[in-house]
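Below: one structure, written as structure tokens.
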Protein chains: 2
Amino acid sequence: MGTSKYIKPTESELEILRILWERNKASVRDVHEELSKTKEAGYTTTLKLMQIMFEKGMVGRDDSVKIHVYHPVVSREKTQKHLLGKMITNLFGGSPTELVIHALGNHKASPEELEEIQQLLNNLKKQ
Amino acid sequence: MGTSKYIKPTESELEILRILWERNKASVRDVHEELSKTKEAGYTTTLKLMQIMFEKGMVGRDDSVKIHVYHPVVSREKTQKHLLGKMITNLFGGSPTELVIHALGNHKASPEELEEIQQLLNNLKKQ
DNA sequence: TTTGTTTTACGAATTAAATCGTATTTTGCT
DNA sequence: AGCAAAATACGATTTAATTCGTAAAACAAA
């Protein structure tokens with residue numbers, strides 16, 4: 001069996017995880033303020049969501065301190081891999097290449113990033 | 001306003017759309033049999049899902065014939081673009097490059113595919 | 001046409017996500 | 001200590017997704 005139980009974050013949970021992955025730790029207020037930039041929602045809604053994520057084991061928290069500080073438990077990498085796989089299957093006919101092409105085509109990358117991808121490509125070609 | 005109303009397929013709907021995109025048209029039975037390969041679900045469940053998708057305008061259908069034949073209405077490209085964008089934002093810290101790297105790293109691509117990506121990369125570099 | 005099979009229609013139940021109001025607790029300040 | 005502000009807990013509601021049973025309709029074959 002896998003080491004961590006299998007967890008499929010919902011859309012809202014993913015938005016919260018995004019912030020936690022970025023900051024490593026954050027209070028409900030932190031998260032809520034960040035979320036509010038792009039989304040309308042009450043404070044207690046965010047709170048409740050994070051509490052549920054805690055119950056699910058998706059995030060951890062330190063409540064020894066006054067204000068609870070949350071941190072991600074589910075790994076960004078695993079989540080990325082899982083969702084990417086699903087996306088490739090359902091949206092890109094099973095072809096990772098198609099996904100890559102769309103990603104590169106639709107979103108502009110800087111010269112540095114292009115170079116980074118070139119490096120990776122070179123490595124893959126060698127094998 | 002956008003030409004098509006904005007539509008966010010659910011997980012299950014995406015699985016059905018995948019099949020319709022692949023085949024262009026299919027009956028409920030066709031879809032159901034394909035789904036059954038990877039998933040446990042009753043026939044009427046698939047039927048109901050497709051009926052709901054029809055009501056949402058996500059798929060169309062020809063019911064002039066005995067057995068209803070469904071076809072996709074929402075565009076694969078638009079859906080790809082939309083979900084890809086969300087994924088980049090929430091899972092890859094806003095960096096399409098990171099997504100590309102993960103996609104290439106985790107799923108092996110054939111030499112032909114690598115070449116295809118190389119072509120694209122060359123084009124992007126020129127600009 | 002009768003009978004059995006396949007398909008569609010419909011309604012209902014179940015499950016889960018998301019939102020929020022209100023109450024309680026904790027904290028910070030004077 | 002006493003009060004106001006901020007944070008948490010909790011419960012309830014709303015909304016939507018999913019599932020499936022059952023009935024009606026369409027069809028195929030004898």
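Here is how names work: the chains are called A, B, and so on, in the same order as the sequence lines, proteins then strands, and each is numbered from 1. Predicted, not measured: the structure shown is a model, and the values here were computed from it.
Remark: P of dC10(C) and CD1 of I52(B) are 13 Å apart, rounded to the nearest angstrom. Nucleotide dG11(D) holds its C1' atom 13 Å from the CD atom of E55(A), rounded to whole Å. Atom CD in E11(A) sits about 19 Å away from atom P in dA16(C), given to the nearest Å. In this structure, CD1 of I16(A) is placed 11 Å from C1' of dA18(C), rounded to the nearest angstrom. Remark: C1' of dC20(C) and CD of E40(A) are 13 Å apart, rounded to the nearest angstrom. The distance between atom NZ of K48(B) and atom C1' of dA12(C), rounded to the nearest whole Å, is 9 Å. Separating the CD atom of Q51(A) from the P atom of dA18(C) is a distance of 15 Å, rounded to the nearest angstrom. Look at CE on M58(A): it is 12 Å from C1' on dA17(C), rounded to the nearest Å.
Not one side-chain nitrogen or oxygen of R29(A) sits closer than 4.0 Å to the OP1 or OP2 atom of dA6(D). Regarding contacts with the backbone of dT8(C), every side-chain N or O of T44(B) stays at 4.0 angstrom or more from both OP1 and OP2. The phosphate of dT18(D) has OP1 or OP2 within less than 4.0 Å of a side-chain N or O from S12(B). Between Y43(B) and dT8(C) there is a side-chain N or O to OP1 or OP2 distance below 4.0 Å. At dA5(D), none of the side-chain N or O atoms of K66(A) fall inside 4.0 Å of OP1 or OP2 (strictly under the cut-off).
Here the side chains of T97(B) and F92(B) are not in contact, with every heavy-atom distance at 4.5 Å or above.
Of the candidate nucleotides dT7(C), dT18(D), dA17(C), dT7(C) has the atom lying nearest to any side-chain atom of I67(B).
Residues Q119(A) and N123(A) have side chains that never bring a donor and an acceptor to within less than 3.5 angstrom of each other.
For the pair R61(B) and T10(A), both in contact range of DNA chain C, the more 5′-proximal nearest nucleotide belongs to R61(B).
Residues S36(A) and H32(A) approach most closely at OG-O, 2.7 Å, considering heavy atoms. Contact between V59(B) and V73(B) at its shortest, heavy atoms only, is C-CG2, 3.4 Å.
In summary, K8(B) and E13(B) do not engage in a salt bridge, as defined by a charged side-chain N under 4.0 Å from a carboxylate O.
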